[in-house]
Amino acid sequence: MQHTKVVQLHPFKKFIRIAAAAAVIIFGSYFYLNNLDENIVTEYAENKEVVLPDNSKVRLNADSELSYSERKWSKERNVELKGEAFFKVAKGKRFTVATDAGKVAVLGPNLM
């Protein structure tokens, strides 16, 4: 009696591996880009004015750093500050600045 060798073919196995790798890359890129913050840094003896997405203005003093999420700005107006800055807050919702000394929350002026 002659034995025949049976070879099973898995044509979709390679496709599934490629699709899984592509899905991991796409989702990883989405979460990375979605959580990416804007960072503005000033050097020694440098001042810089920054306009935030809601048209609030920030004047950064020397050797300071400001970061915020432009993508999340409509939901959360949060800013992280290291150093010194002067804020001119635009009319709108709550505005929060986090520093090493604590958090400060203000409301923009309610002009009529």
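Because the structure is predicted, anything quoted here is derived from the model rather than measured. The first residue of the sequence shown is numbered 1, and numbering continues consecutively from there.
Considering every non-hydrogen atom in both Glu46 and Val41, the closest pair reads OE1-O, 4.4 Å. Between Ser64 and Gly83, the shortest heavy-atom distance links the atoms OG-CA, 3.6 Å. Between Phe95 and Val79, the closest heavy-atom pair is CZ-CG2, 3.8 Å. Taking every heavy atom of both residues into account, Ala90 and Ser56 meet most closely at N-OG, 2.9 Å.
The side chain to side chain donor-acceptor pair (under 3.5 Å) analysis of residues 81-90, with sequence neighbours excluded, yields the pairs Asn61-Glu84.
To the nearest 0.5 Å, the span separating OG on Ser69 from NZ on Lys75 amounts to 10.0 Å. If you take CZ on Arg59 and CD on Glu49, they are separated by 6.0 Å, rounding to the nearest 0.5 Å.
No single ILVMFWY cluster, assembled from side-chain heavy atoms under 4.5 Å apart, contains both Val51 and Leu60. Under a hydrophobic clustering in which Ile, Leu, Val, Met, Phe, Trp and Tyr are joined whenever their side-chain heavy atoms come within less than 4.5 Å, directly or via other members, Phe86 and Val104 fall into different clusters.
The side-chain heavy atoms of Tyr68 and Asn78, taken from C-beta on, include no pair separated by under 4.5 Å. Contact annotation: the side chain of Thr42 never approaches that of Asn47 to less than 4.5 Å [non-hydrogen atoms, C-beta and beyond]. At a threshold of 4.5 Å between non-hydrogen side-chain atoms, the residues Val97 and Phe87 count as touching. Inter-residue side-chain proximity for Lys48 and Ile40 is flagged as met; some heavy-atom pair is nearer than 4.5 Å.
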Query raised in the report: Given Arg77 and Asp54, is the side-chain contact (heavy atoms from CB on, under 4.5 Å) satisfied, shown in steps?
Result: CA-CA 9 Å; Arg77 292 172 54 176; Asp54 66 348; 2.5 Å; yes
Report task. Decide side-chain contact (heavy atoms from CB on, under 4.5 Å) for Glu38 and Leu66; before the verdict, give the C-alpha distance in whole Å, the side-chain angles of both, and the deciding distance to 0.1 Å. Result -> CA-CA 8 Å; Glu38 297 289 326; Leu66 182 79; over 6 Å; no
